[in-house]
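Below is one structure, written out as structure tokens; the observations come after it.
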Amino acid sequence: MSVSKVDRRTLLKAGGALAAIALTSCSETKSASAGSSAANLTSAGPDWAGFHAGLKGRVYRPGQPGYPTVRQLFNPRWDTIQPAGVVRAAGANDVRAAILFARKNKLVSVPKSGGHSYVGASTVSNGLVVDVSAMRSMSYSGNVLTVGAGAKLYDVHAFLDKHGKSLPTGTCPTVGIAGLTLGGGMGVHTRAFGLTCDRIQSMGVITADGVARNVSATVDPDLFWALRGGGGGNLGIVTSFKLITIPAAKLGFFRLTWPEAKAADVIRGWQKFAVAAPITAWGNVHINALSNGTLSIHVLGVSTTGNGAAAAAQLESYVGSKATTRTFAVRTHMEAVKYLGGGTTSARQGFLAGSDVLKPMTAPTIAALLGAVKTAARAKLPAAAILDPLGGQAAKVPSGGSSWGWRSAVGVVQWYSGLAAHPTSAQLRAAQTFITNGHRAVRPSTLGGYVNYVETGRSVSTYYGANYPRLQTVKKKYDPANFFRTGYTIA
Ligand SMILES: Cc1cc2nc3c(=O)[nH]c(=O)nc-3n(C[C@H](O)[C@H](O)[C@H](O)COP(=O)(O)OP(=O)(O)OC[C@H]3O[C@@H](n4cnc5c(N)ncnc54)[C@H](O)[C@@H]3O)c2cc1C
């Protein structure tokens, strides 16, 4: 995660930037584009009309009704990108047809689920977007959720709740299950139940050769290994997942704040918490840059036993001081989902972010981390460092057991800066400087980056550490011609 919507709001307000951010709805108009004629799908080059005619879903081309909406991602910054076509696939056969059409016509093709890629990797200029968001059917049987690759997180939780079940996921209600799961998937249940990708029993995937596979620990096990953490858009287009669920239990929440003077103690204590607290306890640290040049510090925590007060007391004992403010609440599964997600949907939002996966930081590294956020505060940049813990169940899968390789890390720091929908280059530069400063600050403790927080200007191999050579081997086997390629893909 994990900038929950609640915390994003706090961050943006704190940075004084809320008014500058144009928020529009990210929900799409479902009927806007029905009924285009074959004539207006025809253009020189690829046979778009023939392609469209063979689909159960449909294709949207520039100039057609619906195209301006279906090509949008969560971050309005990517609105300038104009794909040659967007296929709204109705099922695995459409996905296969799209891959074969793109190959035949030498079009770069990228899959899209929830559209939340940090770098706009789910759209492509002059290429083909394979949008699976209409493939969102769900069924539940024997503790296993079968879900289409286009389902959004809120809908997954609402469906599972009817069965008394849940999943360890991130918090944003509109994030797609595919992007989140393929890149790992961190959230409040990570320590108690592991990452979202740890819950995969099997997946339907169409690989670059157009073959539909049902991969699992026993069928194409190398691809199964690679898809659990290898990041979306790399190895094939996943059409569905079978995910092993967890109980939809009540959660005990706590929110603790400390003064800025205690910030280093809080981070030091949080590191201990991530390693030593019971796996039922989780908490992430938010260091927010305020527009008056100071920092605000809080920890948002959860106990899966329902006893937030006990988890909070444990964190306070590691920090070495009582928090200045302490609030507690017990929430049902859906109350927790809505609280963390800020509701049932999420408005589009401009931002720039990056990450470091961390081993324990020494006192000078913690001081440097705080210094990076302080510099942003002094520059009045709406910025935050958010530290999410790993450990617990996430650490129990051997680091070679899936391609998500950061099993022994303490946690992940996300460098996040809220931006206007269409930021100026000066605003983008300022946000990038913050992220670069952050990376530099924690360099002695960084293991790599979290692929779900993919960023520009970073070597792809750094998202995978020691697992990268094995991922390259799997990539060569299933995508020898490098059909799935962007500047962010395994090569
Ligand atoms: C507001 C917000 C909150 C977030 N919160 C969390 C969080 O709490 N925890 C966390 O771990 N992460 C979080 N993230 C990061 C999120 O997990 C990643 O951005 C994720 O990749 C988004 O998935 P998506 O399907 O929405 O995005 P998309 O942009 O659709 O896809 C992301 C990547 O996956 C590829 N892809 C999409 N569909 C498929 C498919 N069917 N098969 C193969 N590849 C596919 C795309 O090509 C792209 O490369 C958050 C992001 C945002 C913007």
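In each ligand, atom 1 is the first atom listed, and ligand 1 is the first ligand listed. Along the sequence shown, residues are numbered consecutively beginning with 1. Computed from heavy atoms alone, side chains included, the values below leave out hydrogens, waters and symmetry copies. From a predicted model like this one, the values you see are computed outputs, not experimental measurements.
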Partners passing side chain to side chain contact (heavy atoms under 4.5 Å, CB included) against D479 (at least two apart in sequence or in another chain)
A208, K475, N482, F483, F484
For I237 and ligand 1, does the shortest N/O to N/O distance drop below 3.5 Å?
no
Can you list the ligand 1 atoms lying under 4.0 Å from a non-hydrogen atom of L182?
42 (N), 43 (C), 44 (N)
Any carboxylate oxygen within less than 4.0 angstrom of a Lys/Arg side-chain nitrogen, looking at K477 and D220?
no
Take the angle between the ring planes of H298 and H286 and call it parallel below 30°, perpendicular above 60°, tilted in between.
parallel
Check this for me - ligand 1, T174, N or O atoms closer than 3.5 angstrom, yes or no?
no
Donor-acceptor under 3.5 Å (Y468 side chain, I490 main chain)
no
Taking only heavy atoms of A178 into account, list the atoms of ligand 1 that are under 4.0 Å away from them.
38 (N), 39 (C), 40 (C), 41 (N)
Any nitrogen or oxygen of C172, main chain or side chain, under 3.5 Å from a nitrogen or oxygen of ligand 1?
no
Any nitrogen or oxygen of F351, main chain or side chain, under 3.5 Å from a nitrogen or oxygen of ligand 1?
no
F101: ring-ring contact (aromatic ring centres under 6.0 Å, His included) partners, not counting sequence neighbours
W48, F51
Going by the order shown, which atoms of ligand 1 are within less than 4.0 Å of some heavy atom of Y450?
10 (C), 11 (O)
Cation-pi check for F253 against R331: NZ or CZ below 6.0 Å from the six-membered ring centre and within 45 degrees of the axis, yes or no?
yes
Any nitrogen or oxygen of V110 lying under 3.5 Å from a nitrogen or oxygen in ligand 1? Just yes or no.
no
Quick check on G185 - does any of its heavy atoms sit under 4.0 Å from an atom of ligand 1?
yes
Considering both backbone and side-chain atoms of V238, is one of its nitrogen or oxygen atoms within less than 3.5 Å of a nitrogen or oxygen in ligand 1?
yes
Looking only at distances, can you tell me whether any N or O atom of T171, backbone or side chain, sits closer than 3.5 Å to an N or O atom of ligand 1?
yes
Between F159 and Y140, does the ring centroid distance fall short of 6.0 Å?
no
With heavy atoms of G236 as the reference, note each atom of ligand 1 found under 4.0 Å away.
42 (N), 43 (C)
Hey, can you tell me if W415 and H439 have their rings parallel, tilted or perpendicular (30° and 60° cut-offs)?
perpendicular
Any nitrogen or oxygen of G114, main chain or side chain, under 3.5 Å from a nitrogen or oxygen of ligand 1?
yes
Cation-pi, Y463 ring and R458 (6.0 angstrom, 45 degrees)
yes
Polar side-chain atom of S403 near backbone of A226 as donor-acceptor pair, under 3.5 Å
yes
Before signing off on this row, confirm whether G179 and ligand 1 have an N or O atom pair separated by under 3.5 Å.
yes
Is any N or O atom of M186, backbone or side chain, closer than 3.5 Å to an N or O atom of ligand 1?
yes
